[in-house]
Amino acid sequence: MERLNYSGKPKDLCAAAGISERMLRSYKSKTPTKQALLAIVIALNFSTSDIDRILRSYGYCLSESLAGDVVVKWYVKRSLSKNNGAGLLNEINDTLEKMGLPLLVTRIK
């Protein structure tokens, strides 16, 4: 998780990204899932280029052929500068839920 260069409190990051502190600790030794990693970087309000860079560093990318990835890309490009990260994450998850796609969280709030 040091690739994120996050200097805030872990508790705040967990609350914004919808992950547990236990899950965040486990990501320090294991690779997070793509959905969890996206939730974290979106909650941190990272730029599109930073999101792509971080995903690549973990071996992931946003694909043009996966519906969930297309939704994420559209929202990130459209609204990242207009919303705080947690608000954007909620918008994305609302759309993913309506489409019956996996959400960008590791636990239900």
Side-chain angles (χ1 to χ4, degrees):
M1 293 306 290
E2 49 281 337
R3 296 177 226 183
L4 296 177
N5 296 324
Y6 179 69
S7 60
K9 294 181 181 179
K11 186 175 184 177
D12 296 336
L13 172 60
C14 293
I19 63 172
S20 67
E21 289 183 56
R22 179 179 174 202
M23 188 65 68
L24 184 63
R25 281 191 305 272
S26 78
Y27 291 158
K28 291 180 180 181
S29 63
K30 295 191 267 184
T31 301
T33 64
K34 182 177 174 179
Q35 287 82 8
L37 187 57
L38 280 168
I40 292 167
V41 296
I42 290 169
L44 291 174
N45 210 27
F46 280 17
S47 69
T48 304
S49 60
D50 285 338
I51 291 172
D52 289 338
R53 177 186 53 78
I54 291 167
L55 286 174
R56 278 194 315 275
S57 76
Y58 281 94
Y60 301 123
C61 69
L62 288 174
S63 171
E64 295 289 336
S65 62
L66 297 173
D69 286 2
V70 172
V71 169
V72 170
K73 282 177 109 170
W74 185 84
Y75 270 102
V76 167
K77 287 182 180 179
R78 179 186 141 275
S79 346
L80 196 56
S81 61
K82 297 176 189 172
N83 270 329
N84 67 18
L88 179 58
L89 184 58
N90 287 333
E91 282 186 48
I92 292 169
N93 278 333
D94 287 345
T95 301
L96 292 172
E97 184 176 32
K98 289 175 186 172
M99 296 176 71
L101 298 169
L103 304 181
L104 300 184
V105 294
T106 56
R107 66 180 167 106
I108 303 298
K109 290 185 178 182

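Computed from a predicted structure; not experimentally measured.
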Tell me which donor-acceptor pairs under 3.5 Å the side chains of residues 92-104 have, and how far apart each pair is, sequence neighbours excluded?
from: Asn93; atom 1: OD1; to: Leu104; atom 2: N; distance (Å): 2.7
from: Thr95; atom 1: OG1; to: Tyr75; atom 2: OH; distance (Å): 2.6
from: Thr95; atom 1: OG1; to: Glu91; atom 2: O; distance (Å): 3.2

Please list every donor-acceptor pair under 3.5 Å in which a side-chain atom of residues 63-73 meets a protein atom from a residue at least two apart or in another chain.
from: Ser63; atom 1: OG; to: Ser65; atom 2: N; distance (Å): 2.9
from: Ser63; atom 1: OG; to: Ser65; atom 2: OG; distance (Å): 2.8
from: Glu64; atom 1: OE2; to: Lys73; atom 2: NZ; distance (Å): 2.5
from: Asp69; atom 1: OD1; to: Lys34; atom 2: NZ; distance (Å): 3.2
from: Asp69; atom 1: OD2; to: Lys34; atom 2: NZ; distance (Å): 2.5
from: Asp69; atom 1: OD2; to: Ser63; atom 2: N; distance (Å): 2.9

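Judged as a salt bridge (charged side-chain N to carboxylate O under 4.0 Å, His left out), not a single pair has a partner in residues 9-18 (not counting sequence neighbours). Residue pairs that meet the salt bridge (charged side-chain N to carboxylate O under 4.0 Å, His left out) test with at least one member in residues 41-52, sequence neighbours left out, are Asp50-Arg53.
Residues Pro32 and Tyr58 approach most closely at CD-CE2, 3.4 Å, considering heavy atoms.
Of the inter-residue distances, the one linking Trp74 atom CH2 with Leu62 atom CG reads 15.0 Å to the nearest 0.5 angstrom.
The shortest distance between side-chain heavy atoms of Leu38 and Val76 does not fall below 4.5 Å.
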